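Since the structure comes first, as structure tokens, the remarks are kept for the end.
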Amino acid sequence: MNRIVYVNGDFVPENEAKISVFDRGFLFADGVYEVTSVLDGKLMDFEGHARRLERSLSELQMAAPVTTEELLAIHRELMARNDLSEGMIYLQVTRGADADRDFAFPDASKVPSSLVLFTQSKAIADSPAAKVGLKVISIEDQRWARRDIKTVQLLYPSMGKMMAKAAGCDDAWMVEDGVVTEGTSNNAYIVKDGRIITRHLSNEILHGITRAAVLRFAREAQMEVEERAFTIEEAQSADEAFITSASTFVMPIVEIDGASVGEGVPGPTAARLREIYLDESRKSAI
Ligand code: PDD
């Protein structure tokens, strides 16, 4: 594959793209990111991702490298140059490359932040996994306490995916103080007696852009939504379980720690929400 990627103002072939070894993203995981899905050559929920990026940057006192309008133009140029009709666009902003390795943040007026974007071509709407569902294990949540900021510190979530793989499963749900926080790279939900239950927003979880849209659509469709924490035991005895993220949309979970959820097959609520989410988000994609 030789994609055209975006690095600090330039569109270049991926094998010619360069970032300094002193970049703080590389040395300190001092950076934030966004993943925006693309369907029919259009961006899903771009506004939501742009707003969350602004928030992540301001929480870390990091300068925005470009305006939201410029960011949209870069996304579009990248889609066009890579002929991307379906998949994702990954965006990363780091605090740039200082002259040396130093824990203290550099002066933002002297060291500009770095901006990198690349495309990932993938069939995400017609996903075979959505028809069979995923199996998850539970693991302890050992991440830092500011999970509301979408930082590139993803080592523990990567370890979680590897623990899941080693157990013959697809993903892991993380548990803190006896209740589920979220999946390694997605928000977690259960359905009981027609009610959709998902953890309330706080610094303990990422405020998913897909979560916000799915809960809005669910309420518009007169479905009951309860935002509160739940345990693994409650999830195992739920009627359905599912996850949401920009790369999976609404994806059913059929097994948790070896116990089947409901009938052990994708349930009707997840299927309906996936359909509504895809229909509505396609309509508003830009
Ligand atoms: N992950 N929770 C975590 C920890 C995440 O990393 C993500 C997204 C979500 C869902 O957020 P959204 O609906 O805005 O995609 C929740 C992205 C897809 C990733 O890391 O690839």
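As the structure is a computational prediction, the values presented were derived from the model and not from experiment. Counting starts at 1 for both ligands and their atoms, following the listed order.
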**Prompt:** Of the protein's non-hydrogen atoms, which lies at the shortest distance from atom 15 (O) of ligand 1, and what is that distance?
**Reply:** A246 N, 2.8 Å
**Prompt:** Out of curiosity, is R143 lining ligand 1, as in a heavy atom under 4.0 Å away?
**Reply:** yes
**Request:** Please examine the side chains of L39 and L278, heavy atoms only from C-beta on, and report whether any two atoms are closer than 4.5 Å.
**Result:** yes
**Fill in**
Note: Q120, heavy atoms under 4.0 Å from ligand 1, region reported as neither
**Request:** Answer with yes or no whether R52 contacts ligand 1, where contact means a heavy atom under 4.0 Å from a ligand atom.
**Result:** yes
**Message:** Test your reading of the structure: does G183 have an N or O sitting under 3.5 Å from an N or O of ligand 1?
**Reply:** no
**Request:** Quick one: look up the protein heavy atom nearest atom 2 (N) of ligand 1 and list residue, atom name and how far away it is.
**Result:** E182 OE1, 2.7 Å
**Message:** Taking the six-membered ring of F105 as reference, does the cationic atom of R95 (NZ for Lys, CZ for Arg) lie under 6.0 Å from its centre and within 45° of its axis?
**Reply:** yes
**Item:** atom 13 (O) of ligand 1 - nearest protein heavy atom and its distance
**Value:** T210 OG1, 2.6 Å
**Request:** Check each atom of ligand 1 against the heavy atoms of N187 and keep those under 4.0 Å away; list them by number with element.
**Result:** 10 (C), 16 (C)
**Item:** Among T198, T244, T269, the one residue meeting side-chain hydrogen bond (donor to acceptor under 3.5 Å, both in side chains) with Y189
**Value:** T244
**Complete:** So for T184 against ligand 1, with non-hydrogen atoms under 4.0 Å, the contacting part is backbone
**Prompt:** Where the side chain of T181 meets the backbone of E204, is there a donor-acceptor pair that is under 3.5 Å apart?
**Reply:** no
**Prompt:** Which of these, T151, N186, L154, has its nearest heavy atom closest to atom 9 (C) of ligand 1?
**Reply:** N186
**Message:** Using 0.5 Å steps for rounding, measure from the CG atom of L27 to the CZ atom of R101.
**Reply:** 6.5 Å
**Request:** Considering only non-hydrogen protein atoms, determine which one is nearest to atom 11 (O) of ligand 1 and report residue, atom name and distance to 0.1 Å.
**Result:** G208 CA, 3.5 Å
**Complete:** heavy-atom search around atom 21 (O) of ligand 1 in the protein gives V35 CG2, 3.7 Å
**Asked** Is it the case that more than 12 heavy atoms not belonging to E220 sit under 6.0 Å from its CD atom?
**Response** yes
**Item:** S245 neighbourhood, listing ligand 1 atoms whose heavy-atom distance to it stays under 4.0 Å
**Value:** 10 (C), 13 (O), 15 (O)
**Message:** So, taking the atom named CD1 in I124 and the one named CE in M251, what distance separates them when rounded to the nearest 0.5 Å?
**Reply:** 10.0 Å
**Candidate pair R143 and E182, rule salt bridge (charged side-chain N to carboxylate O under 4.0 Å, His left out), full reasoning** = CA-CA 11 Å; R143 297 172 300 163; E182 56 188 333; 2.9 Å; yes
**Message:** To the nearest 0.5 Å, what is the distance between OG1 on T151 and CG on L206?
**Reply:** 9.5 Å
**Nearest atoms (heavy-atom pairs only) where A64 meets S113** = C-OG, 4.4 Å
**Complete:** Residue, atom and distance of the protein heavy atom nearest atom 18 (C) of ligand 1 read S247 OG, 3.7 Å
**Message:** Measuring from atom 7 (C) of ligand 1, which candidate in A213, S37, S185 has the nearest non-hydrogen atom?
**Reply:** S185
**Asked** What residue and atom, counting heavy atoms only, is the protein's closest point to atom 17 (C) of ligand 1, and at what distance?
**Response** K150 NZ, 3.5 Å
**Prompt:** When you look at L84 and I89, which way does the side chain to side chain contact (heavy atoms under 4.5 Å, CB included) test go after all the steps?
**Reply:** CA-CA 9 Å; L84 181 73; I89 296 194; 4.1 Å; yes
**Prompt:** Considering only protein heavy atoms, which is closest to atom 19 (C) of ligand 1, and at what distance to one decimal place?
**Reply:** Y33 OH, 3.6 Å
